[in-house]
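All heavy atoms count here, side chains included; hydrogens, waters and symmetry mates do not.
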Amino acid sequence: MSLIISAIGQGLLWAVIGVGLYLTFRILDFPDMTVEGTFPMGAATAVTAIAHGVSPIIATLLAFLVGCVAGLVTGLLYTKAKIPVLLAGILVMTASYSIDLRIMGKPNQSLLGMPTLLSGKFFQSLPPYFDSVALGFIVIVIVTTILVYFLQTDLGQAFIATGDNENMAESLGINTDNMKIMGVSVSNGLIALGGALVAQNNGYSDVNMGIGIIVVALASIIIGEVIFGDLTMIQRLIAVTIGSIIYRLVLLLVLQLGFNATDLNLISSILLAIFMGLPALESKFHLKHVLKRGLKND
């Protein structure tokens, strides 16, 4: 039972990253590779700040701001310097490795014996493993609520319109470049925030902890969409969180079957490929119709 609770807690913490990627991947249709750099950058920033005596709350907010700056650079490279979107993200992702080493002064940094967000009295009073569940739930509710409110404003609608049809958005007087820069900045800020939360939960940060992050975040998005189907924008954000929890539970099941932790990136890629291919398989082989007919016969 403790493993399941821990997996749910991990799912809630990682859901922040999924929601962040959703802004660019789904709303803006922007394949942003920066995320593999901003995740460890957020972790490095928060952990180093805490190690230097900064409040965990302030350190976590600093991680968010650093992620926003990294996203801003990617957005400017793409919109102003006219560098292809994938290359712009890769450039910032590559540069972030050296920046992380500068921030930490070494490849990794431990939080052993140092205060974190989970050191608060409220979290310490909870049963084992429920602290990460509570922290993840609080953060994802705050993030989702803010995004839901934002997407319903005029600025939020302009942001959505940019992703839906850029030419139409420009004809309506929307500065699409600014919308892209804003979206990539906020997206990477949330991903860096997720990195800070995961690092505090794990008790360390490492320059290599961003490898495969984009696959994990995409898995949360795709699983939520495949399971729940057509949803409103608000429901999609919630589905990402549920998808993140399901993904973690599936990984837990796989590990219980005897696979090694070193196989997680391979397993993540396979799971993502399966869930991304399900809609095409359903359409080709009429799986939904077959399932419904089978249920009626029973």
Can you confirm whether [X] is buried at [atom1], in the sense that more than 12 heavy atoms of other residues, nucleotides or ligands lie under 6.0 Å from that atom?
{"X": "Phe130", "atom1": "CZ", "value": "no"}
{"X": "Phe228", "atom1": "CZ", "value": "yes"}
{"X": "Leu257", "atom1": "CG", "value": "yes"}

Apart from Val54 itself, its cluster of hydrophobic side chains linked below 4.5 Å comprises Ile58, Leu62
Give me the atom names and distance for the closest heavy-atom approach of [X] to [Y].
{"X": "Val240", "Y": "Gly18", "value": "CG1-C, 3.6 Å"}
{"X": "Gly37", "Y": "Asp100", "value": "O-OD2, 4.2 Å"}
{"X": "Val216", "Y": "Arg248", "value": "CG1-NH2, 3.6 Å"}
{"X": "Ala63", "Y": "Ala192", "value": "O-CB, 3.2 Å"}
{"X": "Ala161", "Y": "Ile174", "value": "CB-CD1, 4.2 Å"}
{"X": "Leu151", "Y": "Phe159", "value": "CD2-CD2, 4.0 Å"}

Nearest-0.5 Å distance, [atom1] of residue [X] to [atom2] of residue [Y]:
{"X": "Leu21", "Y": "Ile221", "atom1": "CG", "atom2": "CD1", "value": "4.0 Å"}
{"X": "Gln124", "Y": "Asp131", "atom1": "CD", "atom2": "CG", "value": "7.0 Å"}
{"X": "Asp29", "Y": "Thr162", "atom1": "CG", "atom2": "OG1", "value": "12.0 Å"}
{"X": "Ile246", "Y": "Ile223", "atom1": "CD1", "atom2": "CD1", "value": "7.0 Å"}
{"X": "Arg26", "Y": "Leu218", "atom1": "CZ", "atom2": "CG", "value": "8.5 Å"}
{"X": "Ile214", "Y": "Met33", "atom1": "CD1", "atom2": "CE", "value": "5.0 Å"}

When you measure from the side chain of [X] to the backbone of [Y], do you find a donor-acceptor pair of N or O atoms at a distance under 3.5 Å?
{"X": "Ser244", "Y": "Gly11", "result": "yes"}
{"X": "Ser125", "Y": "Phe122", "result": "yes"}
{"X": "Thr176", "Y": "Glu170", "result": "no"}
{"X": "Ser96", "Y": "Met93", "result": "yes"}
{"X": "Ser6", "Y": "Leu3", "result": "no"}

Side-chain contact test, heavy atoms from C-beta onward, threshold under 4.5 Å: evaluate it for [X] versus [Y] and give yes or no.
{"X": "Gln152", "Y": "Ile234", "result": "yes"}
{"X": "Val35", "Y": "Asp32", "result": "yes"}
{"X": "Asn108", "Y": "Asn208", "result": "no"}
{"X": "Tyr247", "Y": "Gln10", "result": "no"}
{"X": "Pro40", "Y": "Asp206", "result": "no"}
{"X": "Met182", "Y": "Asn178", "result": "no"}
{"X": "Cys68", "Y": "Val186", "result": "no"}
{"X": "Phe39", "Y": "Val198", "result": "yes"}

Residues Thr60, Gln200; criterion side chain to side chain donor-acceptor pair (under 3.5 Å); working and verdict:
CA-CA 9 Å; Thr60 304; Gln200 291 178 69; 2.9 Å; yes
Just say parallel, tilted or perpendicular for the rings of Tyr78 and Phe30, cut-offs at 30° and 60°.
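Perpendicular: the ring planes of Tyr78 and Phe30 meet at over 60°.
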Group every Ile, Leu, Val, Met, Phe, Trp and Tyr by side-chain heavy-atom contacts under 4.5 Å, then state whether [X] and [Y] land in the same group.
{"X": "Leu65", "Y": "Val47", "answer": "no"}
{"X": "Ile211", "Y": "Ile213", "answer": "no"}
{"X": "Val73", "Y": "Ile181", "answer": "no"}
{"X": "Val92", "Y": "Ile103", "answer": "no"}
{"X": "Ile267", "Y": "Leu255", "answer": "yes"}

Gln109 and Ser205 side chains, donor-acceptor separation under 3.5 Å:
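No, no side-chain donor-acceptor pair sits under 3.5 Å.
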Would you say Thr79 and Asp177 are linked by a side-chain donor-acceptor pair, where the criterion is simply a distance under 3.5 Å?
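Short answer, no.
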Per the side chain to side chain contact (heavy atoms under 4.5 Å, CB included) rule, which among Leu190, Leu76, Thr74, Leu72 passes with Ser185?
Leu72
Sole residue of Ile17, Leu12, Leu13 in side chain to side chain contact (heavy atoms under 4.5 Å, CB included) with Leu197:
Leu13
Assess whether side-chain contact (heavy atoms from CB on, under 4.5 Å) is satisfied between Thr232 and Gln235, documenting all intermediate values.
CA-CA 5 Å; Thr232 64; Gln235 291 171 336; 3.2 Å; yes
Stepwise side-chain contact (heavy atoms from CB on, under 4.5 Å) test for Ile227 and Ile242:
CA-CA 10 Å; Ile227 291 177; Ile242 298 174; over 6 Å; no
Can you check side-chain contact (heavy atoms from CB on, under 4.5 Å) on Glu166 and Met179, steps first, answer last?
CA-CA 10 Å; Glu166 185 175 346; Met179 292 297 105; over 6 Å; no
